[in-house]
Amino acid sequence: MAKFKGKDPKKGKRIAQPSPLPSTPNYDLEPPVFCFRYLDKTHGLDNCDKDEKAALVSTLYKLSQLTWRELRLAPRHGVGYEIINRNSFRVTIPKHITEDVDLIAFRFSGLKPMVGYRNEAIFRIVWLDRSFEVYDHGN
């Protein structure tokens, strides 16, 4: 409940003190939100079969039940993720993804990578690497 500072001289009622400004959000403590806006057409949903699409939806649901912090600490071949070295990409990285942005991979449908980048709490999915062609998996 808001604290009261004094009376409004015109109405004789108390005036509520303004609420403090919200603090800067800590996105690490929030669950991810998923975005398909930048999904590559060559490595996107149209190339996935029915089982892969179902696995993708199931994976997105599981990931959305955890915070970014929990995902960062989880095993990379479990519900966690790994940062992919830019030099290992075999496809062109879109120009809107600047050099300072980490490209990360979650797994869906077995060990098939879902690759994209994080922007605050949003994970922007760029590639569904169902055939392991998007980057060199040799590391």
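Note: hydrogens, waters and symmetry copies are ignored here, and every other heavy atom, side chains too, is used.
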Tyr81 and Phe123 aromatic centres sub-6.0 Å
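No, they do not, as the ring centres are separated by 6.0 Å or more.
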In Å and rounded to the nearest 0.5 Å, what is the [atom1] to [atom2] distance from [X] to [Y]?
| X | Y | atom1 | atom2 | result |
| --- | --- | --- | --- | --- |
| Asp46 | Asp40 | CG | CG | 11.0 Å |
| Leu56 | Ser109 | CG | OG | 9.0 Å |
| Ile122 | Glu30 | CD1 | CD | 10.0 Å |

Given the rule in the side chain to side chain contact (heavy atoms under 4.5 Å, CB included) test, do Thr59 and Arg107 qualify, once you have shown the distances and angles that lead to the verdict?
CA-CA 8 Å; Thr59 299; Arg107 305 298 169 167; over 6 Å; no
Could you go through the side chain to side chain contact (heavy atoms under 4.5 Å, CB included) check for His43 and Leu128 one step at a time?
CA-CA 5 Å; His43 297 91; Leu128 299 175; 5.5 Å; no
Do Trp127 and Phe89 pass the ring-ring contact (aromatic ring centres under 6.0 Å, His included) test, and can you show the C-alpha distance, the side-chain angles, and the key distance before you say yes or no?
CA-CA 11 Å; Trp127 301 279; Phe89 277 81; 5.3 Å; yes
For the hydrophobic clusters of this structure (ILVMFWY residues joined by side-chain heavy atoms under 4.5 Å, transitively), does one cluster hold both [X] and [Y]?
| X | Y | value |
| --- | --- | --- |
| Val101 | Val91 | yes |
| Ile84 | Ile93 | yes |
| Ile125 | Ile83 | yes |
| Val126 | Ile104 | no |

Keeping [X] on the side-chain end and [Y] on the backbone end, is there a donor-acceptor pair under 3.5 Å?
| X | Y | value |
| --- | --- | --- |
| Ser58 | Ala54 | no |
| Trp68 | Ala121 | yes |
| Arg130 | Asn47 | yes |
| Glu70 | Thr67 | yes |
| Asp49 | Glu52 | yes |

Any [X] side-chain heavy atom under 4.5 Å of [Y] side chain:
| X | Y | value |
| --- | --- | --- |
| Ile97 | Leu103 | yes |
| Tyr27 | Arg118 | yes |
| Phe34 | Ser64 | yes |
| Arg72 | Asp28 | yes |
| Glu82 | Pro113 | no |
| Arg90 | Val134 | no |

Let me see the working for His96 and Tyr117 under ring-ring contact (aromatic ring centres under 6.0 Å, His included), right down to the final yes or no.
CA-CA 11 Å; His96 76 274; Tyr117 61 97; 5.7 Å; yes
Evaluate Asn85 against Tyr135 for side chain to side chain contact (heavy atoms under 4.5 Å, CB included), listing each step before the verdict.
CA-CA 9 Å; Asn85 186 320; Tyr135 64 93; over 6 Å; no
List the steps, then state whether side chain to side chain contact (heavy atoms under 4.5 Å, CB included) holds for Arg69 with Leu29.
CA-CA 6 Å; Arg69 178 186 218 180; Leu29 301 177; 4.3 Å; yes
Please say whether more than 12 non-hydrogen atoms of neighbouring residues, nucleotides or ligands are located less than 6.0 Å from CZ in Arg37.
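Count not over threshold, so no.
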Could you report the tightest heavy-atom contact between [X] and [Y], atom names first, then the distance?
| X | Y | result |
| --- | --- | --- |
| Pro32 | Leu66 | CD-O, 3.3 Å |
| Val79 | Leu63 | O-CD2, 3.2 Å |
| Cys48 | Lys53 | O-CE, 3.4 Å |

Decide, yes or no, whether a salt bridge links Arg86 with Asp102 under the criterion of side-chain N to carboxylate O below 4.0 Å.
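Asp102 and Arg86: not salt-bridged.
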Closer than 4.0 angstrom, basic N to acidic O: yes or no for Lys112 and Asp129?
no
